[in-house]
There are 2 protein chains.
Amino acid sequence: MEIEAATVSKGRPREFCVDAALAAALRVFWSKGYEGASMADLTEAMGITKPSLYAAFGNKEALFNKALDLYEREKTDYMRAALDAPTARGVAERLMYGALDMYSCPENPNGCLGVINSVACGAEAECIREAVVARSAAAKQAMLERFTRAKNEGDFPDDVDPAGLAAFLTAMNQGMAVQAGAGATRAELERLVETGLKLWPGR
Amino acid sequence: MEIEAATVSKGRPREFCVDAALAAALRVFWSKGYEGASMADLTEAMGITKPSLYAAFGNKEALFNKALDLYEREKTDYMRAALDAPTARGVAERLMYGALDMYSCPENPNGCLGVINSVACGAEAECIREAVVARSAAAKQAMLERFTRAKNEGDFPDDVDPAGLAAFLTAMNQGMAVQAGAGATRAELERLVETGLKLWPGR
DNA sequence: CAATTTATATACCACCCGTTATGGAAATCG
DNA sequence: CGATTTCCATAACGGGTGGTATATAAATTG
């Protein structure tokens with residue numbers, strides 16, 4: 001009985017690091033979108049050849065989905081953490097400033113991987129769109145639940161709608177992504193965030 | 001001296017209506033984006049052949065720019081009209097409800113032509129991106145001037161930033177476009193608009 | 001040292017892209 | 001009518017696409 005199977009492979013070991021290659025692929029998808037990223041773009045950025053890519057990741061779609069997993073795990077984790085803030089305003093602050101940091105980090109490509117690929121073009125990439133939209137919907141749903149709880153806790157007035165606020169924060173995030181993708185500076189995005197928080201209900 | 005030159009052409013007249021063909025092309029670009037729309041898609045929707053398209057419109061890029069002109073002229077004219085509202089709140093109402101109507105009109109493709117192509121993929125479409133981003137920036141600038149005037153007229157408190165509000169409305173519009181493109185219903189978008197207006201300063 | 005297993009490298013596949021050359025049809029002008 | 005001009009249809013162009021077959025190199029297992 002083997003506790004850990006195949007920790008040492010039989011044949012020739014691969015010469016590249018799968019994680020590093022995936023991180024490079026993520027950057028390409030993030031910059032160009034699924035359809036805009038060609039296999040040549042990917043292999044060049046990843047530093048491997050096409051057969052190696054196919055052997056390690058399956059195909060372009062499977063590679064994208066793994067990159068999307070990595071993106072959620074490393075880049076949008078602030079969203080999950082934001083929901084733990086004690087007040088609804090705290091949630092909004094963490095979400096907006098988290099987005100601001102991410103979209104204005106010079107090491108990241110401009111914009112949002114999810115937004116780029118949810119408005120993506122072709123019909124062949126429909127499953128890609130669906131995967132991305134599903135994750136966005138899940139994030140919105142988590143916000144909705146958090147704000148419903150907040151309303152019960154008296155975090156904001158009776159006339160505000162938790163679903164509306166969730167949609168609002170989602171729209172702010174998407175708007176920031178689009179403006180960042182269009183080349184907005186950090187200062188401009190900061191202004192947007194501060195305005196959004198000034199408008200946020202309650203304190 | 002000819003008042004109107006070339007109203008009657010010398011050779012064989014074309015068998016299709018240029019305006020109708022351009023409208024059809026706009027729908028294709030609006031649905032699939034610049035790069036996602038192939039010449040085959042376009043010619044099929046327009047009901048003409050490729051040589052006819054090239055003779056009448058130049059090339060794909062020129063066709064897109066003419067479609068973009070048509071889009072601004074017919075679909076986003078509500079933005080220009082919105083700025084004439086007497087109060088800043090009226091401007092925001094007209095902008096948001098105008099966007100709502102446009103994005104939830106069943107005759108229109110989902111989403112926003114500008115947003116789709118400002119996050120567009122490839123490097124070859126850079127000039128397309130620039131054209132679209134320039135128009136978006138112009139719209140934002142017009143909002144800024146209107147809100148600066150509104151602030152002087154006392155339309156909202158001293159601590160709100162006209163530039164921030166312009167960015168805010170732009171973000172709301174972009175967020176609505178992304179969510180509409182992802183399949184949001186009119187009711188969902190309505191909720192977003194009503195929340196946005198509830199948060200709007202003043203009144 | 002074989003034998004085996006796996007990774008890499010080169011080249012290639014059929015297909016689709018935007019664009020254009022070619023050949024014939026249909027209209028106006030002299 | 002003949003000449004000319006313009007439009008339409010077919011088909012082809014070079015180049016790029018995602019994906020793969022083949023052959024060689026490098027490692028482990030006996």
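- Each of B:Y71, B:Y34, B:F57 was evaluated against B:F64; a single residue qualifies, B:Y34, per the ring pair (Phe, Tyr, Trp, His ring centres under 6.0 Å) test.
- Rounded to an integer number of Å, the gap from B:L53 CG to D:dC7 P is 13 Å.
- A:E44 has its CD atom 15 Å from the P atom of C:dA9, to the nearest Å.
- The pair A:R149-A:E145 fails the salt-bridge criterion, with no side-chain N (NZ, NE, NH1 or NH2) lying under 4.0 Å from an Asp/Glu carboxylate O.
- Distances shown here put a side-chain N or O of B:R14 below 4.0 Å from the OP1 or OP2 atom of D:dC7.
- Of the candidate nucleotides D:dT17, D:dC8, D:dG19, D:dG19 has the atom nearest to the side chain of A:K50.
- The CD atom of B:E124 sits 12 Å away from the C1' atom of D:dT17 (whole-angstrom rounding).
- In this structure, the nucleotide among C:dG18, D:dC8, C:dT8 sitting nearest to the side chain of A:E15 is C:dT8.
- With C:dA9, D:dC7, C:dC12 as the choices, the nucleotide that has an atom nearest any side-chain atom of A:P51 turns out to be C:dA9.
- The side chain of A:T49 places no N or O atom within less than 4.0 Å of a non-bridging phosphate oxygen (OP1 or OP2) of C:dT8.
- Out of D:dC8, C:dT19, D:dG19, the shortest distance to the side chain of B:S52 is found at D:dC8.
- Salt bridge A:R146/A:D84: absent, no basic N to carboxylate O contact under 4.0 Å.
- Annotation: of the two residues near DNA chain D, A:S38 and A:G58, the 5′-most nearest-nucleotide partner is A:S38.
- Protein atom CG of A:L63 is 10 Å distant from nucleotide atom P of D:dG19, rounded to whole Å.
- A:K151 forms no cation-pi arrangement with A:F156, by the criterion of a distance under 6.0 Å to the ring centre and an angle within 45° of the ring axis.
- Residue A:M39 contributes atom CE, which lies 17 Å from atom C1' of C:dC16 at whole-angstrom precision.
- As a whole-Å value, the separation of A:K32 NZ from D:dG18 P is 11 Å.
- The CE atom of B:M172 sits 10.0 Å away from the CH2 atom of B:W200 when rounded to the nearest 0.5 Å.
- Here the nucleotide nearest the side chain of A:R12, chosen from D:dA25, D:dC8, C:dC17, is D:dA25.
- The separation between A:F57 atom CZ and D:dG18 atom C1' is 17 Å, rounded to whole Å.
- Across the protein-nucleic acid pair, A:F16 atom CZ and D:dA26 atom P stand 17 Å apart, rounded to whole Å.
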